[in-house]
Amino acid sequence: MKKYIYILFLLIASVGCTDEPYQDQNLIPNIAFSTTINLNLPESQELLVPSGFVVYPNIGHRGVIVYNTGIGEQSVDQYLAFDLACPHVEVSSCGTPMDISNFPEMKNACTSDGIYYRFDLGYSVTYEKDSENKSIPVEGVVYDLQQYRVDDLGNNQLRITNF
């Protein structure tokens with residue numbers, strides 16, 4: 001009887017799985033790093049303001065952008081960190097960080113391929129633009145930004161890490 005229950009469970013579990021069109025194909029290789037950011041330093045002051053961001057060029061592959069989401073003090077989701085390497089381009093073929101001149105919109109700085117990114121909603125969004133400059137979601141394969149973990153250590157200290 002246990003055998004039949006087990007088979008029934010496996011059958012139900014396998015039917016519940018679906019083939020979703022979403023497939024993250026991020027081309028940014030994993031690297032191990034951990035760094036601490038002091039929010040009391042002048043270069044980090046923008047992170048004390050909701051929607052403020054700071055680029056730290058010497059961490060990650062092409063620098064890391066840290067963003068204050070404005071979601072309450074001491075919230076787990078108050079800060080987000082993403083690599084500025086373009087996720088749909090091999091890191092070895094583009095040595096330039098993504099263009100953030102129109103932040104929160106970011107784009108590939110090496111070629112004008114029409115793919116844009118943003119993460120101000122709390123997650124990575126990949127899109128293209130139509131002739132009227134309106135956002136169009138990219139269907140199928142999506143190249144999410146490489147997100148890093150942010151830990152609030154207290155005393156205005158943040159740890160950015162990928163492990």
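Residue numbers count from 1 along this sequence. Just so we're clear, the structure is a prediction, and the values are computed from it rather than from any experiment. Computation of the quantities below employed the complete heavy-atom set of this structure, encompassing side-chain atoms and omitting hydrogens, waters and symmetry-equivalent molecules.
Counting all heavy atoms, side chain and backbone alike, Pro50 lies closest to Gly70 at CB-CA, 3.7 Å. What you find for Met98 and Ala85 is that their closest heavy atoms are CE-O, 4.1 Å. The two residues Leu121 and Val125 come nearest to each other via the heavy atoms CD1-CG2, 4.5 Å. Summarising the geometry of Pro29 relative to Leu27, their closest heavy-atom pair is CD-O, 3.3 Å, with the distance given to 0.1 Å. In terms of heavy atoms, Asn133 sits closest to Lys129 at OD1-CD, 2.9 Å.
Taken together through direct or relayed side-chain contacts under 4.5 Å among Ile, Leu, Val, Met, Phe, Trp and Tyr, Leu80 and Ile28 form parts of separate hydrophobic clusters. Connection of Phe103 to Leu84 is established within a shared hydrophobic cluster, with ILVMFWY side chains joined at heavy-atom distances below 4.5 Å, either directly or through further cluster members. Criterion: ILVMFWY side-chain heavy atoms under 4.5 Å apart, direct or through other members. Under it, Tyr123 and Phe82 are not part of a common hydrophobic cluster.
Counting heavy atoms from C-beta outward, Gln146 and Pro87 have side chains that stay 4.5 Å or more apart. The shortest distance between side-chain heavy atoms of Arg62 and Asp83 falls below 4.5 Å. Side-chain contact between Leu158 and Asp151 is absent, with no heavy-atom pair separated by less than 4.5 Å. Tyr116 is not listed as a side-chain neighbour of Asn102, based on a closest heavy-atom distance of 4.5 Å or more.
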Legend entry - Derivation of the side chain to side chain contact (heavy atoms under 4.5 Å, CB included) call for Met106 and Leu145: CA-CA 10 Å; Met106 300 184 297; Leu145 295 168; 3.5 Å; yes
Quiz prompt | Audit row: Tyr117, Thr126, side chain to side chain contact (heavy atoms under 4.5 Å, CB included) steps and yes/no | solution = CA-CA 5 Å; Tyr117 300 92; Thr126 307; 3.4 Å; yes
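The list of side-chain hydrogen bond (donor to acceptor under 3.5 Å, both in side chains) pairs with a residue in residues 41-51, not counting sequence neighbours, reads Ser44-Tyr56.
The one candidate from Val64, Ile65, Val66 that meets the side-chain contact (heavy atoms from CB on, under 4.5 Å) condition with Val55 is Ile65. Evaluated for a side-chain contact (heavy atoms from CB on, under 4.5 Å) with Tyr79, the options Val150, Ile71, Thr69, Ile37 yield exactly one hit, Val150.
For Asp99 (side chain) and Lys107 (main-chain N/O), no donor-acceptor pair under 3.5 Å exists by modelled atom type. Side-chain atoms of His88 never come within 3.5 Å of backbone atoms of Asn108 as a donor-acceptor pair (strictly under, hydrogens ignored). Side chain of Asp130 to main chain of Glu132: a donor-acceptor pair is present (N/O by atom type, distance under 3.5 Å, no hydrogens or angles).
With values rounded to the nearest 0.5 angstrom, Arg118 atom CZ is found 11.5 Å from Ser124 atom OG. From Arg159, atom CZ reaches atom CG of Leu153 across 5.0 Å, with rounding to the nearest 0.5 Å.
In this pair, Phe119 and Tyr67 present their aromatic rings perpendicular. The plane angle is above 60°, beyond the 30 to 60° band. A perpendicular orientation is assigned to the rings of Phe33 and Tyr148, their planes being inclined by more than 60° (bins at 30° and 60°).
Across the pair Cys110 and Cys86, the gap between the SG atoms, which is the quantity tested here, reaches or exceeds 2.5 Å.
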